[in-house]
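We name chains A, B, ... by the order of the sequence lines, and we start the count at 1 in each one.
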Protein chains: 2
Amino acid sequence: MSRKEQIEQKATALFKTRGFSATSMRDLANALGIEAASIYSHIRSKEEILQRVCFRMADEFFGAIEALKDENASATEQLQRAITAHVRVLTRNTEASAVFLQEWRHLSEPHHSDFLALRDRYENYFRDIIRQGIASGEFQVPDEKFAVLTILSGLNWIHTWYKPEGKMKPEEIAENLSAMLLNGLKTNLSLN
Amino acid sequence: MSRKEQIEQKATALFKTRGFSATSMRDLANALGIEAASIYSHIRSKEEILQRVCFRMADEFFGAIEALKDENASATEQLQRAITAHVRVLTRNTEASAVFLQEWRHLSEPHHSDFLALRDRYENYFRDIIRQGIASGEFQVPDEKFAVLTILSGLNWIHTWYKPEGKMKPEEIAENLSAMLLNGLKTNLSLN
DNA sequence: TAAGCAACCTAACGTTCGTTAGCAAATTTA
DNA sequence: TAAATTTGCTAACGAACGTTAGGTTGCTTA
């Protein structure tokens with residue numbers, strides 16, 4: 001791992017716990033055991049770190065769900081796979097995920113807008129699955145966008161409590177989450 | 001409304017959109033149309049504002065769910081009521097809620113610890129309902145804490161997209177959310 | 001062995017930060 | 001109408017901020 005990557009990693013950890021704005025370059029330098037000015041041998045600016053973390057994670061999330069596109073699968077199956085893929089990325093790097101989810105608003109333009117556009121595209125991926133499930137009769141849901149936001153909020157909360165050394169493994173989390181969310185989506189005529 | 005409350009309100013709006021650390025007293029003063037130093041005729045420090053917002057909202061959330069305690073109601077009913085109460089508080093003041101949910105980590109000690117203790121107590125209220133629902137056979141859930149976190153994450157995401165002038169009214173949101181979450185919790189033998 | 005480069009240093013820059021001191025005007029209260 | 005309170009001002013403080021300039025050291029490569 002290059003020195004630049006090491007710096008990014010330490011910065012990510014600090015950004016997660018204290019936030020981007022509340023983390024100074026001197027804090028970061030201190031965590032690395034060097035002087036603040038030395039960091040600038042490796043990066044251009046503080047925000048560059050944030051940009052790299054945010055867009056790298058965006059790439060990872062997109063890569064994960066685009067790898068499993070399957071037109072023939074049912075909406076239920078597709079949603080389950082998407083949830084599993086999302087949880088896998090999230091749990092593999094909790095710190096970067098937290099920064100990706102919480103600190104993107106400190107991006108300056110045009111990165112801020114670029115990021116939001118990517119986020120929209122990602123949400124649309126889930127929205128399409130929901131729409132498909134409604135059309136096929138698999139899902140019954142009061143509002144399409146509402147359903148997507150509720151699902152993603154459930155997924156994106158994980159980083160606040162997940163610990164790799166905890167008892168719940170990523171696969172388990174994905175399973176439980178799928179179960180909780182899907183049974184809330186599935187048409188179920190036996191319930192009034 | 002006192003000048004102090006006006007200041008708090010404007011600060012809350014800024015804290016929500018830019019975050020506590022990225023909002024300077026000069027930003028706040030500018031939004032109020034006065035000088036930064038003038039603010040200190042009304043408040044003791046920048047953090048005092050954050051403290052007041054966080055703990056006032058905590059009071060509101062507790063007040064809302066404690067008002068509807070009913071030992072005789074079913075767990076399903078209790079959860080529905082708790083969700084409705086929670087959503088009502090959240091939507092009545094989106095900005096303060098956002099600060100309450102996102103900026104509390106910038107509280108200094110001992111307020112930080114105090115806040116976390118309150119948050120735990122609030123989560124436990126929901127946890128008790130879930131536990132009761134499991135005992136009565138109303139709910140079937142893989143993990144108790146997991147269920148609470150997923151529910152609350154769904155609720156606490158609302159502030160990011162809810163607009164009072166939008167088409168969805170608080171009662172509708174609460175209903176839809178209850179429906180999505182409860183049907184995911186309810187024992188349902190007809191599903192495999 | 002010389003050149004190049006990666007990694008880090010000290011010193012300092014201009015700026016912004018939260019906050020205080022001291023004072024003036026306006027408004028409210030007695 | 002006098003006193004007290006509220007609300008704001010200007011000027012300034014010391015500290016912390018992101019960042020740059022210029023230099024040294026030691027390892028790697030030709």
Side-chain angles (χ1 to χ4, degrees), chain A residues 1-55 95-96 99 102-112 115, chain B residues 1-55 95-96 99 102-112 115:
Chain A
M1 185 165 55
S2 74
R3 197 69 179 112
K4 182 165 184 174
E5 286 167 329
Q6 284 177 30
I7 291 171
E8 262 176 43
Q9 200 178 53
K10 267 275 191 287
T12 304
L14 291 176
F15 290 172
K16 176 186 175 172
T17 48
R18 302 192 224 186
F20 176 75
S21 302
T23 304
S24 73
M25 292 303 279
R26 284 166 178 88
D27 287 341
L28 174 56
N30 200 43
L32 289 160
I34 58 176
E35 292 299 316
S38 305
I39 300 173
Y40 289 86
S41 297
H42 306 91
I43 59 150
R44 257 185 291 274
S45 69
K46 186 186 175 187
E47 206 200 299
E48 194 207 12
I49 304 179
L50 183 62
Q51 285 163 21
R52 287 173 58 98
V53 174
C54 285
F55 289 99
E95 284 169 349
V99 172
Q102 306 238 40
E103 306 300 326
W104 56 266
R105 58 185 173 143
H106 297 111
L107 290 169
S108 63
E109 291 296 349
H111 312 287
H112 189 268
F115 184 89
Chain B
M1 186 164 55
S2 74
R3 196 70 178 112
K4 182 164 182 174
E5 285 167 330
Q6 283 175 32
I7 291 171
E8 262 176 44
Q9 200 178 54
K10 267 275 192 286
T12 304
L14 290 175
F15 289 173
K16 176 187 175 172
T17 49
R18 302 193 225 186
F20 176 76
S21 302
T23 304
S24 73
M25 293 303 279
R26 284 166 179 86
D27 287 341
L28 174 56
N30 200 43
L32 289 160
I34 59 175
E35 292 298 316
S38 306
I39 300 175
Y40 288 85
S41 297
H42 305 90
I43 60 150
R44 259 186 289 276
S45 69
K46 185 187 177 187
E47 205 200 302
E48 193 207 12
I49 305 178
L50 182 63
Q51 284 164 22
R52 288 173 58 97
V53 174
C54 285
F55 288 99
E95 284 168 350
V99 172
Q102 306 238 41
E103 306 299 327
W104 58 266
R105 57 185 176 143
H106 297 111
L107 290 169
S108 64
E109 290 299 348
H111 312 287
H112 190 269
F115 184 91

S.K.: For A/Lys46, is the NZ atom crowded, meaning more than 12 foreign heavy atoms sit under 6.0 Å from it?
M.R.: yes

S.K.: Can you tell me the distance, in whole Å, between the CZ atom of B/Arg18 and the P atom of C/dC17?
M.R.: 10 Å

S.K.: Quickly work out the A/Asn30 CG to C/dC8 P distance and round it to whole Å.
M.R.: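 Computing the A/Asn30:CG to C/dC8:P distance gives 14 Å.
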
S.K.: Starting at CZ of B/Arg44, measure out to CD1 of B/Ile39 and round the result to the nearest 0.5 Å.
M.R.: 15.5 Å

S.K.: Indicate for each nucleotide in nucleotides 24-30 of chain C, in 5' to 3' sequence, whether protein heavy atoms under 4.0 Å reach the base (B), only the sugar-phosphate (S), or nothing (-).
M.R.: -------

S.K.: Is it true that atom CD of B/Gln102 has more than 12 heavy atoms of other residues, nucleotides or ligands lying nearer than 6.0 Å?
M.R.: yes

S.K.: Considering just the side-chain nitrogens and oxygens of B/Tyr40, establish if one lies under 4.0 Å of OP1 or OP2 belonging to C/dT20.
M.R.: no

S.K.: Less than 4.5 Å apart, side chain to side chain, heavy atoms only: is that true for B/Lys4 and B/Arg52?
M.R.: yes

S.K.: Starting at atom CD1 of B/Ile39, determine the distance to atom C1' of C/dC17, rounded to an integer number of angstrom.
M.R.: 13 Å

S.K.: How does each nucleotide of nucleotides 3-17 of chain D score, in 5' to 3' order, for protein heavy atoms under 4.0 Å: base (B), sugar-phosphate only (S), or none (-)?
M.R.: ----BBBBBB----B

S.K.: Is there a side-chain contact between B/Lys16 and B/Val53 in this structure, where contact means two heavy atoms from C-beta onward sitting under 4.5 Å apart?
M.R.: no

S.K.: Looking only at non-hydrogen atoms, find the nearest pair between A/Glu8 and A/Ile49 and report the distance.
M.R.: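 Looks like CG-CG2, 3.9 Å.
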
S.K.: Do you know the tightest heavy-atom contact between B/Phe20 and B/Glu103?
M.R.: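 Minimum heavy-atom separation between B/Phe20 and B/Glu103: N-OE1, 3.1 Å.
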
S.K.: Would you find more than 12 non-hydrogen atoms of other residues, nucleotides or ligands less than 6.0 Å from A/Gln9 atom CD?
M.R.: no

